[in-house]
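Throughout, residue positions are numbered sequentially from 1 according to the sequence presented. All values below come from the heavy atoms of this structure, side chains included, with hydrogens, waters and symmetry mates left out.
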Amino acid sequence: MTTPVRKLSISVPPDVAERLEQEPNASAYVTQAVRDRMRLEAMDAELAHTGIEITEQGVAEARARRAAVEAEWPAERRQSVRDRVRQHLLDEADSTRQQPAA
């Protein structure tokens with residue numbers, strides 16, 4: 001059984017078009033990117049509902065703290081953490097795609 005889909009025509013900047021052209025299934029890539037963004041927006045809304053508001057200043061401060069910690073780590077440790085996070089995100093995205101539609 002296939003899920004219903006809608007065909008859209010979108011315009012993207014050249015750098016995005018070049019990236020999408022590298023994908024074997026650009027529709028799936030864009031779909032996953034949009035779903036990832038939707039999850040982030042839902043998380044922001046849930047945090048706001050509980051009284052935690054994400055601000056540009058807060059994000060900048062968190063990035064600065066992260067950069068300070070990363071500056072103390074050896075390059076191999078940073079790369080190892082990045083690889084583990086990337087793999088976790090890929091595994092999570094893969095499990096999301098494998099779940100049956102409700």
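Annotation: salt bridge (Lys or Arg N to Asp or Glu O under 4.0 Å) contacts of Glu46 (sequence neighbours excluded): none. Applying the side-chain contact (heavy atoms from CB on, under 4.5 Å) rule to Val5 yields no partners; only residues at least two apart in sequence or on another chain are considered. By the salt bridge (Lys or Arg N to Asp or Glu O under 4.0 Å) test, Arg19 pairs with Glu23, sequence neighbours left out. Here Arg65 pairs with nothing under the salt bridge (Lys or Arg N to Asp or Glu O under 4.0 Å) rule; sequence neighbours left out. Not counting sequence neighbours, the partners of Arg66 by the salt bridge (Lys or Arg N to Asp or Glu O under 4.0 Å) test are Glu70.
Heavy-atom contacts from other residues, nucleotides or ligands closer than 6.0 Å to CD of Glu53 number 12 or fewer. The 12-atom threshold is exceeded at CZ of Arg39, counting heavy atoms of other residues, nucleotides or ligands nearer than 6.0 Å. In Glu56, the CD atom is not crowded: 12 or fewer heavy atoms of neighbouring residues, nucleotides or ligands sit closer than 6.0 Å.
Distance check, rounded to the nearest 0.5 Å: CD of Gln32 to CG of Leu90 gives 9.5 Å. With rounding to the nearest 0.5 angstrom, the CD atom of Gln87 is 9.5 Å from the CG atom of Asp94.
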Got a list of side-chain donor-acceptor pairs under 3.5 Å for residues 6-17, not counting sequence neighbours?
none

message: Before you tell me yes or no, could you show the steps for Glu61 and Gln57 under side-chain hydrogen bond (donor to acceptor under 3.5 Å, both in side chains), namely the whole-Å CA-CA distance, both residues' side-chain angles and the distance that decides it to 0.1 Å?
response: CA-CA 6 Å; Glu61 290 170 1; Gln57 179 182 352; 2.9 Å; yes
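Linking Ile, Leu, Val, Met, Phe, Trp and Tyr residues whenever their side-chain heavy atoms come within less than 4.5 Å leaves Leu40 and Val34 in two separate clusters. Following chains of ILVMFWY side-chain contacts shorter than 4.5 Å, one cannot reach Leu89 starting from Met43, and the two form parts of different hydrophobic clusters. Hydrophobic clustering (side-chain heavy atoms under 4.5 Å, transitive across Ile, Leu, Val, Met, Phe, Trp, Tyr) groups Leu47 together with Val59.
Residues His88 and Asp91 fail the side-chain proximity criterion, which asks for heavy atoms closer than 4.5 Å.
A donor-acceptor pair is defined here as one N or O able to donate and one able to accept, closer than 3.5 Å; no such pair exists between the side chain of Ser80 and the backbone of Glu76.
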